[in-house]
Amino acid sequence: MTDATDTAIPDRPGFHLVEPSAWPIVGAAFAFLSAFGLIFYMHDLTIAGTRVGPGLLAIGIAGILFTMAGWWRDVVAEAQDGYHNVLVRYGLTLGMILFIASEVMFFVAWFWAFFWGALYPADPQVYGRLDFTGGIWPPKGTEVINPLELPLMNTFVLLTSSFAVNVAHDELREGDRPRFKGFLALGIALGVLFVFTQAYEYIHAPFSFKNSVYGATFFMATGFHGAHVIIGVIFLFVCLVRAWLGQFTPRHHVGFQFAAWYWHFVDVVWIFLFSCIYIWGSWGAAIEGGAG
(Lines give C-alpha, C1' and ligand atoms only; values in the text may rest on other atoms or scores of the structure.)
Protein backbone atom coordinates (compact mmCIF):
# COMPACT_ATOMS: atom_id res chain seq x y z
CA MET A 1 0.00 0.00 0.00
CA THR A 2 1.55 3.28 -1.07
CA ASP A 3 0.47 6.88 -1.52
CA ALA A 4 1.79 10.08 -3.03
CA THR A 5 4.08 10.70 -0.08
CA ASP A 6 6.05 7.58 -0.97
CA THR A 7 7.59 9.45 -3.89
CA ALA A 8 11.34 9.48 -3.37
CA ILE A 9 12.89 12.76 -2.22
CA PRO A 10 15.42 13.90 -4.86
CA ASP A 11 18.96 13.76 -3.44
CA ARG A 12 21.11 16.85 -3.75
CA PRO A 13 24.65 16.00 -4.88
CA GLY A 14 27.77 16.24 -2.70
CA PHE A 15 28.23 16.84 1.00
CA HIS A 16 25.90 19.13 2.89
CA LEU A 17 27.42 22.08 4.74
CA VAL A 18 24.90 23.25 7.31
CA GLU A 19 23.98 26.87 7.70
CA PRO A 20 25.21 28.75 10.80
CA SER A 21 22.88 27.97 13.71
CA ALA A 22 22.27 29.48 17.12
CA TRP A 23 20.95 26.22 18.57
CA PRO A 24 24.27 24.94 19.99
CA ILE A 25 24.93 28.04 22.07
CA VAL A 26 21.26 28.36 23.05
CA GLY A 27 21.16 24.73 24.15
CA ALA A 28 24.42 25.07 26.08
CA ALA A 29 23.08 28.14 27.89
CA PHE A 30 19.88 26.38 28.96
CA ALA A 31 21.84 23.26 29.97
CA PHE A 32 24.05 25.43 32.20
CA LEU A 33 20.96 27.06 33.67
CA SER A 34 19.48 23.61 34.38
CA ALA A 35 22.66 22.47 36.14
CA PHE A 36 22.78 25.71 38.14
CA GLY A 37 19.13 25.32 39.15
CA LEU A 38 19.62 21.67 40.07
CA ILE A 39 22.55 22.52 42.35
CA PHE A 40 20.54 25.26 44.07
CA TYR A 41 17.56 22.91 44.40
CA MET A 42 19.51 19.94 45.79
CA HIS A 43 21.36 22.09 48.36
CA ASP A 44 18.31 24.22 49.17
CA LEU A 45 20.27 27.41 48.45
CA THR A 46 18.66 30.82 48.28
CA ILE A 47 19.33 34.23 46.76
CA ALA A 48 18.16 37.16 48.87
CA GLY A 49 16.16 34.69 50.93
CA THR A 50 14.31 33.28 47.93
CA ARG A 51 14.56 29.66 46.78
CA VAL A 52 15.41 30.08 43.10
CA GLY A 53 16.46 26.50 42.40
CA PRO A 54 13.08 25.10 41.25
CA GLY A 55 12.41 28.09 39.02
CA LEU A 56 15.85 28.01 37.37
CA LEU A 57 15.58 24.27 36.86
CA ALA A 58 12.14 24.57 35.27
CA ILE A 59 13.29 27.35 32.93
CA GLY A 60 16.40 25.38 32.01
CA ILE A 61 14.49 22.19 31.21
CA ALA A 62 11.87 24.10 29.22
CA GLY A 63 14.67 25.79 27.28
CA ILE A 64 16.33 22.45 26.53
CA LEU A 65 13.05 21.07 25.22
CA PHE A 66 12.59 24.21 23.12
CA THR A 67 16.12 23.80 21.72
CA MET A 68 15.49 20.15 20.91
CA ALA A 69 12.28 21.00 19.06
CA GLY A 70 13.89 23.82 17.09
CA TRP A 71 17.02 21.88 16.22
CA TRP A 72 15.06 18.80 15.17
CA ARG A 73 12.82 21.02 13.03
CA ASP A 74 15.85 22.36 11.16
CA VAL A 75 17.32 18.88 10.61
CA VAL A 76 13.96 17.59 9.35
CA ALA A 77 13.73 20.53 6.95
CA GLU A 78 17.19 19.68 5.60
CA ALA A 79 16.10 16.09 5.05
CA GLN A 80 12.90 17.12 3.29
CA ASP A 81 14.88 19.44 1.01
CA GLY A 82 16.99 16.51 -0.18
CA TYR A 83 20.23 17.41 1.59
CA HIS A 84 20.41 14.03 3.32
CA ASN A 85 21.76 12.15 0.31
CA VAL A 86 23.54 8.81 0.52
CA LEU A 87 26.81 10.43 1.65
CA VAL A 88 25.14 12.39 4.43
CA ARG A 89 23.06 9.40 5.52
CA TYR A 90 26.23 7.33 5.76
CA GLY A 91 27.83 9.92 8.03
CA LEU A 92 24.69 10.20 10.16
CA THR A 93 24.58 6.41 10.49
CA LEU A 94 28.16 6.26 11.71
CA GLY A 95 27.41 9.03 14.18
CA MET A 96 24.40 7.16 15.57
CA ILE A 97 26.40 3.95 15.91
CA LEU A 98 29.14 5.77 17.82
CA PHE A 99 26.54 7.48 20.00
CA ILE A 100 24.94 4.15 20.96
CA ALA A 101 28.42 2.72 21.62
CA SER A 102 29.08 5.61 24.02
CA GLU A 103 25.76 4.91 25.73
CA VAL A 104 26.78 1.28 26.17
CA MET A 105 29.92 2.38 28.00
CA PHE A 106 27.85 4.79 30.08
CA PHE A 107 25.74 1.91 31.39
CA VAL A 108 28.81 -0.29 31.84
CA ALA A 109 29.92 2.20 34.49
CA TRP A 110 26.70 1.79 36.49
CA PHE A 111 26.73 -1.98 36.13
CA TRP A 112 30.33 -1.99 37.31
CA ALA A 113 29.41 0.05 40.38
CA PHE A 114 26.65 -2.43 41.24
CA PHE A 115 28.81 -5.51 40.64
CA TRP A 116 31.67 -4.02 42.65
CA GLY A 117 29.39 -3.75 45.65
CA ALA A 118 27.73 -7.12 45.08
CA LEU A 119 30.92 -9.14 44.55
CA TYR A 120 32.98 -7.44 47.25
CA PRO A 121 30.55 -6.46 50.03
CA ALA A 122 33.30 -6.71 52.67
CA ASP A 123 36.12 -5.07 50.69
CA PRO A 124 38.51 -3.71 53.38
CA GLN A 125 39.91 -1.14 50.95
CA VAL A 126 36.56 0.69 50.74
CA TYR A 127 36.03 2.74 53.89
CA GLY A 128 32.84 1.85 55.74
CA ARG A 129 31.64 -0.79 53.27
CA LEU A 130 31.59 -3.60 55.81
CA ASP A 131 29.62 -1.42 58.22
CA PHE A 132 27.06 -0.63 55.52
CA THR A 133 26.69 -4.14 54.07
CA GLY A 134 27.45 -6.45 56.99
CA GLY A 135 29.62 -8.41 54.58
CA ILE A 136 26.66 -9.69 52.55
CA TRP A 137 24.74 -8.58 49.45
CA PRO A 138 22.15 -7.22 49.42
CA PRO A 139 23.23 -5.44 52.62
CA LYS A 140 21.94 -6.64 55.96
CA GLY A 141 18.38 -5.56 56.70
CA THR A 142 17.60 -4.70 53.07
CA GLU A 143 14.22 -5.68 51.66
CA VAL A 144 14.26 -5.87 47.87
CA ILE A 145 11.61 -5.48 45.19
CA ASN A 146 10.08 -8.75 44.09
CA PRO A 147 11.49 -9.20 40.55
CA LEU A 148 8.62 -11.48 39.55
CA GLU A 149 5.95 -8.82 40.02
CA LEU A 150 6.18 -5.31 38.52
CA PRO A 151 9.72 -5.73 37.10
CA LEU A 152 8.71 -8.89 35.24
CA MET A 153 5.57 -7.20 33.93
CA ASN A 154 7.62 -4.22 32.79
CA THR A 155 10.00 -6.59 31.01
CA PHE A 156 7.15 -7.99 28.94
CA VAL A 157 5.86 -4.46 28.31
CA LEU A 158 9.20 -3.22 26.99
CA LEU A 159 9.86 -6.35 24.93
CA THR A 160 6.42 -6.03 23.35
CA SER A 161 7.05 -2.35 22.66
CA SER A 162 10.35 -3.17 20.96
CA PHE A 163 8.60 -5.85 18.89
CA ALA A 164 5.90 -3.35 17.86
CA VAL A 165 8.52 -0.82 16.74
CA ASN A 166 10.30 -3.53 14.76
CA VAL A 167 7.05 -4.50 13.02
CA ALA A 168 6.38 -0.81 12.32
CA HIS A 169 9.80 -0.58 10.66
CA ASP A 170 8.98 -3.59 8.47
CA GLU A 171 5.61 -2.10 7.51
CA LEU A 172 7.25 1.18 6.54
CA ARG A 173 9.72 -0.62 4.30
CA GLU A 174 6.76 -2.39 2.70
CA GLY A 175 4.97 0.92 2.19
CA ASP A 176 1.98 0.11 4.42
CA ARG A 177 1.51 3.45 6.15
CA PRO A 178 -1.61 2.72 8.25
CA ARG A 179 -0.03 -0.35 9.84
CA PHE A 180 3.27 1.50 10.27
CA LYS A 181 1.58 4.28 12.22
CA GLY A 182 -0.56 1.84 14.20
CA PHE A 183 2.33 -0.32 15.38
CA LEU A 184 4.46 2.76 16.10
CA ALA A 185 1.66 4.24 18.25
CA LEU A 186 1.40 0.91 20.09
CA GLY A 187 5.14 0.92 20.79
CA ILE A 188 4.92 4.46 22.16
CA ALA A 189 1.92 3.64 24.37
CA LEU A 190 3.72 0.65 25.87
CA GLY A 191 6.80 2.81 26.48
CA VAL A 192 4.66 5.31 28.40
CA LEU A 193 3.14 2.45 30.40
CA PHE A 194 6.66 1.27 31.29
CA VAL A 195 7.59 4.73 32.59
CA PHE A 196 4.49 5.05 34.79
CA THR A 197 4.89 1.51 36.13
CA GLN A 198 8.50 2.15 37.07
CA ALA A 199 7.54 5.45 38.70
CA TYR A 200 5.01 3.55 40.83
CA GLU A 201 7.71 1.02 41.69
CA TYR A 202 10.09 3.80 42.77
CA ILE A 203 7.47 5.45 44.97
CA HIS A 204 6.78 2.18 46.80
CA ALA A 205 10.35 0.83 46.88
CA PRO A 206 11.27 -0.63 50.31
CA PHE A 207 14.71 1.03 50.25
CA SER A 208 15.93 4.57 49.57
CA PHE A 209 18.74 6.21 47.65
CA LYS A 210 20.38 7.68 50.74
CA ASN A 211 22.59 5.73 53.16
CA SER A 212 22.42 2.54 51.11
CA VAL A 213 25.02 1.31 48.63
CA TYR A 214 22.38 -1.07 47.27
CA GLY A 215 19.78 1.68 46.87
CA ALA A 216 22.26 4.14 45.37
CA THR A 217 23.54 1.75 42.71
CA PHE A 218 20.03 0.41 42.03
CA PHE A 219 18.45 3.82 41.51
CA MET A 220 21.35 5.19 39.48
CA ALA A 221 21.35 2.25 37.04
CA THR A 222 17.60 1.86 36.68
CA GLY A 223 16.95 5.60 36.94
CA PHE A 224 19.25 6.46 34.05
CA HIS A 225 17.62 3.68 32.06
CA GLY A 226 14.24 5.23 32.84
CA ALA A 227 15.52 8.58 31.59
CA HIS A 228 16.61 6.89 28.37
CA VAL A 229 13.16 5.34 28.02
CA ILE A 230 11.59 8.79 28.30
CA ILE A 231 14.01 10.13 25.66
CA GLY A 232 13.20 7.15 23.44
CA VAL A 233 9.45 7.75 23.80
CA ILE A 234 9.94 11.38 22.76
CA PHE A 235 12.10 10.24 19.84
CA LEU A 236 9.42 7.79 18.67
CA PHE A 237 6.62 10.33 19.19
CA VAL A 238 8.42 12.83 16.94
CA CYS A 239 8.64 10.04 14.36
CA LEU A 240 4.90 9.38 14.72
CA VAL A 241 4.14 13.05 14.08
CA ARG A 242 6.40 12.99 11.04
CA ALA A 243 4.68 9.82 9.87
CA TRP A 244 1.29 11.57 10.00
CA LEU A 245 2.83 14.40 7.98
CA GLY A 246 3.96 11.87 5.38
CA GLN A 247 7.65 12.63 5.78
CA PHE A 248 8.91 9.01 5.79
CA THR A 249 9.12 6.87 2.68
CA PRO A 250 10.25 3.27 2.24
CA ARG A 251 13.57 4.64 0.94
CA HIS A 252 14.04 7.74 3.12
CA HIS A 253 13.42 7.12 6.83
CA VAL A 254 16.79 7.54 8.53
CA GLY A 255 15.20 9.44 11.42
CA PHE A 256 12.85 6.59 12.26
CA GLN A 257 15.59 4.01 11.73
CA PHE A 258 17.73 5.76 14.35
CA ALA A 259 14.76 5.94 16.74
CA ALA A 260 14.19 2.20 16.29
CA TRP A 261 17.86 1.44 16.93
CA TYR A 262 17.80 3.56 20.09
CA TRP A 263 14.63 1.84 21.31
CA HIS A 264 16.10 -1.62 20.78
CA PHE A 265 19.23 -0.51 22.65
CA VAL A 266 17.08 0.62 25.59
CA ASP A 267 15.31 -2.75 25.48
CA VAL A 268 18.60 -4.71 25.59
CA VAL A 269 19.87 -2.63 28.52
CA TRP A 270 16.68 -3.40 30.44
CA ILE A 271 17.14 -7.14 29.89
CA PHE A 272 20.57 -6.88 31.51
CA LEU A 273 19.18 -4.71 34.32
CA PHE A 274 16.37 -7.16 35.03
CA SER A 275 18.66 -10.19 34.91
CA CYS A 276 21.63 -8.77 36.83
CA ILE A 277 20.16 -6.27 39.29
CA TYR A 278 16.58 -7.35 39.91
CA ILE A 279 17.17 -11.12 39.92
CA TRP A 280 20.85 -11.96 40.50
CA GLY A 281 21.62 -8.86 42.58
CA SER A 282 18.79 -9.50 45.03
CA TRP A 283 19.16 -13.27 45.29
CA GLY A 284 18.68 -14.54 48.82
CA ALA A 285 17.46 -11.23 50.24
CA ALA A 286 14.18 -10.61 52.01
CA ILE A 287 11.44 -9.82 49.50
CA GLU A 288 9.27 -6.79 50.14
CA GLY A 289 6.04 -7.88 51.80
CA GLY A 290 7.27 -11.49 52.13
CA ALA A 291 6.41 -13.64 55.08
CA GLY A 292 8.80 -13.49 57.98
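Only a predicted model underlies this, so the values are computations on that prediction, with no experimental measurement involved.
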State yes or no: are the ring centers of [X] and [Y] separated by less than 6.0 Å?
{"X": "Y120", "Y": "W116", "result": "yes"}
{"X": "Y278", "Y": "F218", "result": "yes"}
{"X": "F99", "Y": "W261", "result": "no"}

Taking ring pair (Phe, Tyr, Trp, His ring centres under 6.0 Å) as the test, write out the residues that go with [X], two or more places apart.
{"X": "Y262", "result": "none"}
{"X": "H264", "result": "none"}
{"X": "F40", "result": "F36"}
{"X": "F163", "result": "none"}

>> Surrounding CZ of F106 (heavy atoms of other residues, nucleotides or ligands, distance under 6.0 Å), is the total greater than 12?
In response: yes
>> Can you confirm whether more than 12 heavy atoms, excluding those of I25, are under 6.0 Å from its CD1 atom?
In response: no
Determine whether [X] and [Y] make a side-chain contact, defined as any pair of heavy atoms from C-beta on separated by less than 4.5 Å.
{"X": "P147", "Y": "L152", "answer": "no"}
{"X": "F258", "Y": "T93", "answer": "yes"}
{"X": "R242", "Y": "Q80", "answer": "yes"}
{"X": "V157", "Y": "T197", "answer": "no"}
{"X": "I61", "Y": "F30", "answer": "no"}

Could you measure the distance from the [atom1] atom of [X] to the [atom2] atom of [Y]? Nearest 0.5 Å is fine.
{"X": "F256", "Y": "L236", "atom1": "CZ", "atom2": "CG", "result": "7.0 Å"}
{"X": "S161", "Y": "L184", "atom1": "OG", "atom2": "CG", "result": "9.0 Å"}
{"X": "S102", "Y": "F107", "atom1": "OG", "atom2": "CZ", "result": "10.5 Å"}
{"X": "I277", "Y": "Y214", "atom1": "CD1", "atom2": "OH", "result": "8.0 Å"}
{"X": "R51", "Y": "L56", "atom1": "CZ", "atom2": "CG", "result": "11.5 Å"}
{"X": "T155", "Y": "L150", "atom1": "OG1", "atom2": "CG", "result": "10.5 Å"}

> For I203, which fellow cluster members are found when Ile, Leu, Val, Met, Phe, Trp and Tyr are connected by side-chain heavy-atom distances below 4.5 angstrom, either directly or through intermediates?
Replying inline: none
>> Test question: given the 4.5 Å side-chain rule for I, L, V, M, F, W and Y, name all other residues clustered with I271, or answer none.
In response: L159
Which residues share a salt bridge (Lys or Arg N to Asp or Glu O under 4.0 Å) with [X], sequence neighbours left out:
{"X": "D74", "value": "none"}
{"X": "E171", "value": "R179"}
{"X": "R73", "value": "none"}

>> Ring-plane angle category for F209 and F219, please: parallel below 30°, perpendicular beyond 60°, tilted otherwise.
In response: tilted
> Hey, what's the ring geometry for F115 with W280, parallel, tilted or perpendicular (30° and 60° as the breaks)?
Replying inline: tilted
>> Please check: side-chain N/O of H43 versus main-chain N/O of I39, any donor-acceptor pairing under 3.5 Å?
In response: no
>> Given 3.5 Å as the limit, does a donor-acceptor pair link the side chain of W137 with the main chain of G281, or not?
In response: yes
Do you know the tightest heavy-atom contact between [X] and [Y]?
{"X": "N146", "Y": "P151", "result": "O-CD, 3.3 Å"}
{"X": "A168", "Y": "F183", "result": "CB-CB, 3.8 Å"}
{"X": "G255", "Y": "F235", "result": "O-CE2, 3.8 Å"}
{"X": "V144", "Y": "F207", "result": "CA-CE2, 4.2 Å"}
{"X": "G60", "Y": "S34", "result": "C-OG, 2.9 Å"}

Below 3.5 Å, can you tabulate the donor-acceptor pairs from side chains in residues 186-194 to any protein atom, sequence neighbours excluded?
none

>> Show me the pairs that pass side chain to side chain donor-acceptor pair (under 3.5 Å) and involve residues 215-238, at least two apart or across chains.
In response: E103-H228, Y202-T222
Test of understanding: clusters of I, L, V, M, F, W, Y form through side-chain heavy atoms closer than 4.5 Å, transitively. Do [X] and [Y] belong to the same one?
{"X": "V76", "Y": "L240", "value": "no"}
{"X": "V18", "Y": "M96", "value": "no"}
{"X": "M68", "Y": "V26", "value": "yes"}
{"X": "L98", "Y": "V266", "value": "no"}
{"X": "F274", "Y": "V268", "value": "yes"}

> Is the closest side-chain donor-acceptor distance between S162 and W263 under 3.5 Å?
Replying inline: no
> Would H169 and R173 count as a side-chain contact (heavy atoms from CB on, under 4.5 Å) if you check the C-alpha gap in whole Å, the side-chain angles of each, and the deciding distance to 0.1 Å?
Replying inline: CA-CA 6 Å; H169 198 181; R173 285 190 290 243; 3.2 Å; yes
>> I need the single residue from V88, L92, L87, L94 that forms a side chain to side chain contact (heavy atoms under 4.5 Å, CB included) with Y90. Which is it?
In response: L94
>> Could you work out, with side-chain contact (heavy atoms from CB on, under 4.5 Å) as the rule, every residue matching W71, not counting sequence neighbours?
In response: W23, P24, T67, V75
